[in-house]
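Proteins come first, then strands; the chains are lettered A, B, ... in the order of their sequence lines, and each starts at number 1.
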Amino acid sequence: MQVQSRRSWSGALFVLPYLVVYVVFCIYPLVNAIAFSTYRADLFGGGEFIGLQNFVRLFQDPIFLRSLWNTIYFILLTVPPLVVIGLLLALVLQKPTRTSSILRAVFFSSSVLSVAIVALLWRVILMPDDGLVAKILGAFGHAPIAFVDRADLALPALAISTIWWCMGLPMMLFLAALKQVPREIYDAAALDGAGRLRTLWSITLPSIRRTFSVVVIIEVVMQFQMFGQAQLLTQGGPNNASKSLVLFIYDASFKGWDVGYATAASQVLFGLMLMITLGQYLLLNRRREKRP
Amino acid sequence: MSPPEAAEIALLNVCKAFGRTKVIDDLSLSVANNELVVFLGPSGCGKTTLLRMIAGLETIDAGEIWIGGRRVDQLVPSARGVSMVFQDYALYPHMSVRENMSFGLRNFGVPRDQIALRVADAAKILEIESLLDRLPAQLSGGQRQRVAIGRAIVKQPNVFLFDEPLSSLDASLRVRTRIELIDLHRRLGAATVLVTHDQVEAMTLADRIVVMSQQRVEQIGSPMEIYGRPATPFVASFVGTSPMNFAPVGMAASAGEFATVSLAGGLAIQTAVRSSVLPQDTALSIALRAEALRISAPERGDARGTVHCVERLGDRTLIHVRLGEQLRLIASDSGNSPVAVGDTVGLTFDGSAAHLFDAQRGYHAERRGDGRSRY
C-alpha cells in the first residue's frame, strides 16, 4: 500500500511541470476567456457583466457574419485543393529516386517560410502593375487584374497563396503514410489484375484513410485560424471581403479595444472548430467501426 | 526457341541482375502440369526473386518464360494466369475475407454469380466459410493463410506460386498445413512452384526440388535423389535432417573396384563408390551422415575419439566426437545413449553409405545387387 501510493505520487511529480504550464497557459486562459466573453470590457481592465449580450451582438453584426462566411469560404477554397494536391504530389514523388527526393524538398520548401515572406512574395506576384501575373496576362494581351483590390478575387488570391504556402505538410504526411503500406499488397493487387486507378481507389486510398482524415482535420483547423495572409496581403479588404474570423477578433480587440466582444468571437471560433473537427473525425472513421 | 511440350512452366536461359549483383544466372527449368516443384535454398539465394519473375513482379534481363504454351515474360502479372500466395499473405487489410477473395475476379470481369459460387467453393474446401465476413485483422495466422490460399484458388489459375507459405506458422500448424497443401495440390492438379528455406518442407512437399545457393542452381531432382545423391557439397550439407560429416581424404594405394580412402589419421574406409568414376590427382572429401557413424566401445571401433558435445533429440542422440587434433565428427546414437561429454568412445564407419566429393561434384555409392540404393 505504502509503496503503491508513493509510486503514484512520484508519477504525478513527473507530470507536474507540464501540468502547471498547461493549466496556467491553457486551461486558465480558456476558462478566463469564457468568463470574459460575458463582460463588457476594454484592454484596460474592469468592465461589467452583461451575460450573453456579446454573443447576441455578434450574430447581429454584419461584419462578424461576413468574416464568419469568409472563413468558411476560405476553408472550402483551400482545404480540398491542399488535400488533393498533397496526395497527388505524394503519389508522384513516393518513388525513391534522386529526382523525387529533390522535388520533395522543393515542394516542401515553401512551408518553412514565414507568413510575412509569403505575403510579400505573393504581393509581388499579384501586383497589378508589373507583377508576375500581370506580365503573363499582358503577354496574352489581357489587361492586368487587381486581385487584392477586387472583392470577388481577394479571398481566392489569399487561397492560392495559402495553398502554395501550406501544401508541403499534407504532402509529407501522405508520403509517410504511403511508405507504411506494405509492398506485398500492391504485388497481390497486380496479380489480381487491378489497374492503376483501381489500385489507387481500392488499395492505396483505403490504406491511408486515417492519414487522410488527420490531414483534413489539421488543414481545417489551420485554415480556420487564417490571419497573417489576410492582414498582410489585403488587410481584410476590400470592404471586409477578405476579413477572416481571427482578423475580426484582432481588429475588435486591438483596434476597437472591445476585448469582451473579441473574446466572445473567439469562443464562437473555438466552438466551431471543435464541432467541425469532431464531426469530421466521426464521419471519416465511421466505416471501420461499423464492421463486426 | 520453344519450350518442351509437356511443360506448364518453362524457364529458358533466364538471367537477372540487380545493378551489378547477379541474382539469377542463365537458369533453365521446366515444371510439368500436376507437378509440385520446390525451390530450396538459404535466404538470399535468389529463389524468391525467381518466383517473382515467374509471377511477373520482377522483370527478367534475358531469357524467356513460358506458361501454358504462351510466352509470358513481357506480359503483366495478371495476364500470366498465375496465382501467388505471399509469405506474409498480403491480404488487403481493409477488405473482408469475401472481398479479398473476389477482388481479383471482379477485376477480371467474372460475372457476380460466378464470383459468389467460386468464393463459396473455395471457402468450403479451405473450411473458412464462417470467416467470410471478417477482416484479416480478426483472423489468426493459420486462418489468414487459408484466406491467402483461397484468394489464389478462386482464380482457377494454371500455375500456383507459393512464397514460403509455412514460415509464418507455428510448428504444429506448419505440419498440418503441409499435409493440407499436398492434398490441395493433388486436388487442383495445377503446376505449383513453392519457395522455402526449410529442407523438411521441401522433402515432404516436392515432386522435384531445385536446390539453389548463391544465385546458382546446385541440383534439380526428386527429394530422394537430392538426399541420396547430392550433386555438390552444398546440397549434401544443406539437405537432410541428420548432419553430414565432411573430412578430407586421400586415396588408398591399392585401388580395387571400389575406392578405399584414408582419413588424416591413416584410417582406411572402404566405400561403395566405383574407383573408375573418380578423377585422378584431385583433392577429395568424404561425406558421411551421422547415421553412418556408430558409437561403440573404445576398443571395438574403427577409430577412437573423445566426446565433446552431446545433443539429445529424443529419438536419437547426436554425439560430437573429436578425432585427433583436426577432425570433429558427428555420430548418431540411440535416444537413451549413455555417452557423456569427456568419454572416450569408439567410432564405426559405414563406408558403404559414404559419398566422395571433389571441389565441383559428388560421387556416390553404387546401387547394390538387391537393386536398392544405399542412401
Side-chain angles (χ1 to χ4, degrees), chain A residues 83 87 90-91 94-101 173-217 280-292, chain B residues 48 51-59 75-110 115 130-138 144 147-148 151-152 154-155 157 159-161 163-164 168:
Chain A
V83 173
L87 180 62
L91 285 170
Q94 62 174 323
K95 294 205 185 77
T97 60
R98 182 182 284 267
T99 323
S100 296
S101 75
L173 290 172
F174 281 128
L175 275 170
L178 288 173
K179 269 233 158 69
Q180 300 290 314
V181 183
R183 294 290 99 188
E184 274 198 331
I185 73 171
Y186 285 113
D187 289 344
L191 279 162
D192 269 344
R196 295 181 86 148
L197 275 178
R198 188 96 168 103
T199 306
L200 177 67
W201 187 252
S202 299
I203 307 293
T204 309
L205 290 183
S207 301
I208 60 170
R209 213 181 67 240
R210 281 186 174 267
T211 303
F212 197 89
S213 72
V214 166
V215 168
V216 171
I217 288 170
Q280 275 172 347
Y281 182 79
L282 292 178
L283 195 75
L284 288 167
N285 289 287
R286 192 184 48 181
R287 255 185 60 194
R288 184 173 291 256
E289 278 136 33
K290 246 172 47 179
R291 283 263 164 71
Chain B
T48 295
L51 196 73
R52 292 172 59 83
M53 278 158 43
I54 297 173
L57 299 170
E58 253 1 300
T59 54
L75 298 181
V76 294
S78 58
R80 297 187 178 199
V82 302
S83 278
M84 183 158 169
V85 176
F86 293 86
Q87 180 168 11
D88 298 317
Y89 316 134
L91 298 178
Y92 309 121
H94 53 282
M95 294 188 200
S96 70
V97 169
R98 191 192 306 280
E99 288 164 341
N100 259 286
M101 286 165 74
S102 44
F103 182 65
L105 298 179
R106 293 212 317 266
N107 294 336
F108 290 124
V110 177
I115 295 179
S130 59
L131 309 177
L132 282 175
D133 293 314
R134 292 207 198 161
L135 288 176
Q138 298 164 318
R144 272 179 224 179
V147 176
R151 190 171 65 179
V154 291
K155 284 190 266 176
V159 169
F160 282 103
L161 305 172
D163 188 6
E164 307 254 8
S168 321

Quiz item: If you count heavy-atom pairs under 4.5 Å between each of B:V76, B:D88, B:V82 and chain A, which one has the most?
Solution: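 Going by pairs under 4.5 Å, I would pick B:D88.
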
Quiz item: With a 4.5 angstrom heavy-atom cut-off, which part of B:L105 approaches chain A: side chain, backbone, both or neither?
Solution: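 Looking at B:L105, nothing touches chain A.
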
Self-check item: Side chain / backbone / both / neither for B:V85 at chain A, heavy atoms under 4.5 Å
Solution: neither

Self-check item: Side-chain donor-acceptor contact under 3.5 Å, A:S207 with B:Y92
Solution: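 Per modelled atom types, A:S207 and B:Y92 side chains form no pair under 3.5 Å.
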
Please find the pair of heavy atoms, one from [X] and one from [Y], that lie closest to each other, and give the distance.
X	Y	value
A:A177	A:I208	CB-CG2, 3.7 Å
B:M84	A:L191	CB-CD1, 3.4 Å
B:M95	B:P136	O-CD, 3.0 Å

Quiz item: Highest number of heavy-atom pairs under 4.5 Å with chain B: which of A:A194, A:A190, A:A188, A:P182?
Solution: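 The option with the most such pairs is A:A188.
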
Self-check item: Max heavy-atom pair count under 4.5 Å with chain B, selected residue of A:I203, A:D192, A:I185
Solution: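 When all of A:I203, A:D192, A:I185 are compared, A:D192 has the most.
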
Quiz prompt | B:R52: partners by salt bridge (charged side-chain N to carboxylate O under 4.0 Å, His left out), with sequence neighbours left out | solution =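 For B:R52 the salt bridge (charged side-chain N to carboxylate O under 4.0 Å, His left out) partners, ignoring immediate neighbours, are A:D187, B:E58.
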
